[in-house]
Amino acid sequence: MLNRSYRFTHAITRKPGRSITGGLRAVDTGAPDLEMMLNHHAAYIVALKSTGATVVELDASDDFPDSVFVEDTALCLPEGAVVMRPGAPSRLGEAAEMAPHLRALYGQVSEIKGPGFIEGGDILVTEREILVGRSARTDAAGIAELTKLVAPWGHKVREVFTPPGVLHFKTDCSLLDGDTILSTERLAASGCFDNYRVIHTAAGEEAAANSIRFNDIVIMPAGFPGTRDAILAAGFTVQEIGNSECAKLDGGMSCLSLRFTPAR
Ligand code: CIR
């Protein structure tokens, strides 16, 4: 199937619950407002569904404050899924909770067993390779284990680096199409996208980098007009979604879903 890095039939999301106020954050800018987050989350699901995709909407899991950020729990590829091993101790159990939902949809589900760590937010799948950024949550051993697991499916992993102080690799970049990456200047300066066409986030709009291409639309956080206009000018269709509450927990558009076409 062509364009399998951004054409998907399915997504999985999880509702935020009351415990969201205890979610991890690098800097405390105030408690997220659950009602507003639920509204943003509902709009995000509408956007995913507007492309014709089936969205599996999981109930809130208050045992895990960060569990709305389902992306970190798994890597979903066309051939199968890999359950991650999050580097944040409070998030380890989220991956185990996700596994049965993936097994219900996929024929092949494997898991990172450790001792290394790896989170989905550090993984960018393009049409030709899988880039994994080493970060405070993803280490060399986790990347090495992933590399071995996906090799039989024909995938090549390239280890890259997440900029210091940035939570995840994809906090600073997104795939827009098979050849095009949206990236902050600080990440692109590392040279990791030298073989791609790069659209930079506008000055002061680094938080717009965590967007997603999902079927025919680019879903991006609202409030970043310079970056939105650059994406529009490149010919993409944009849907903006409020992200003020997830942003308080360092989350964005990619974190809120697993996106895939299940294989049996
Ligand atoms: C965390 O620190 O793990 C959460 N508060 C945010 C996770 C964001 N996920 C992502 O970028 N893929």
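Remember, it's 1-based here, ligands and their atoms both numbered in the order they're listed. Only this structure's heavy atoms are used, side chains among them; waters, hydrogens and symmetry mates stay out. On a predicted model such as this, the values are computed, not experimentally measured, just so you know.
Hydrophobic cluster membership for Val150: Leu75, Leu77, Val82, Met84, Ile112, Ile118, Ile123, Val125, Ile130, Val132, Ile143, Leu146, Leu149, Trp153, Val157 (Ile, Leu, Val, Met, Phe, Trp, Tyr linked by side-chain heavy atoms under 4.5 Å, directly or transitively).
Ion pair Asp139/Arg85 not flagged as a salt bridge, since none of the NZ, NE, NH1 or NH2 atoms sits closer than 4.0 Å to an Asp/Glu carboxylate oxygen. With salt bridges taken as basic N to acidic carboxylate O contacts below 4.0 Å, one links Glu71 and Arg259.
Counted by atom type alone, Tyr196 and Thr180 present zero donor-acceptor pairs between their side chains at under 3.5 Å.
Counting non-hydrogen atoms of other residues, nucleotides and ligands closer than 6.0 Å to CG of Asp59 gives a total of 12 or fewer.
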Present, as a list of atom pairs with distances to 0.1 Å, all nitrogen or oxygen contacts under 3.5 Å between ligand 1 and the protein.
unit_1, atom_1, unit_2, atom_2, d
ligand 1, 2 (O), Arg137, NH2, 2.9
ligand 1, 3 (O), Arg91, NH1, 2.9
ligand 1, 3 (O), Arg137, NH1, 2.9
ligand 1, 3 (O), Arg137, NH2, 3.4
ligand 1, 5 (N), Leu24, O, 2.9
ligand 1, 5 (N), Asp66, OD1, 2.8
ligand 1, 5 (N), Leu249, O, 2.8
ligand 1, 9 (N), Asp72, OD2, 2.8
ligand 1, 11 (O), His168, ND1, 2.9
ligand 1, 12 (N), Glu71, OE1, 2.9
ligand 1, 12 (N), Asp72, OD1, 2.9
ligand 1, 12 (N), Asp72, OD2, 3.4

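Closest approach of His155 and Glu79 over heavy atoms only: NE2-OE1, 2.7 Å.
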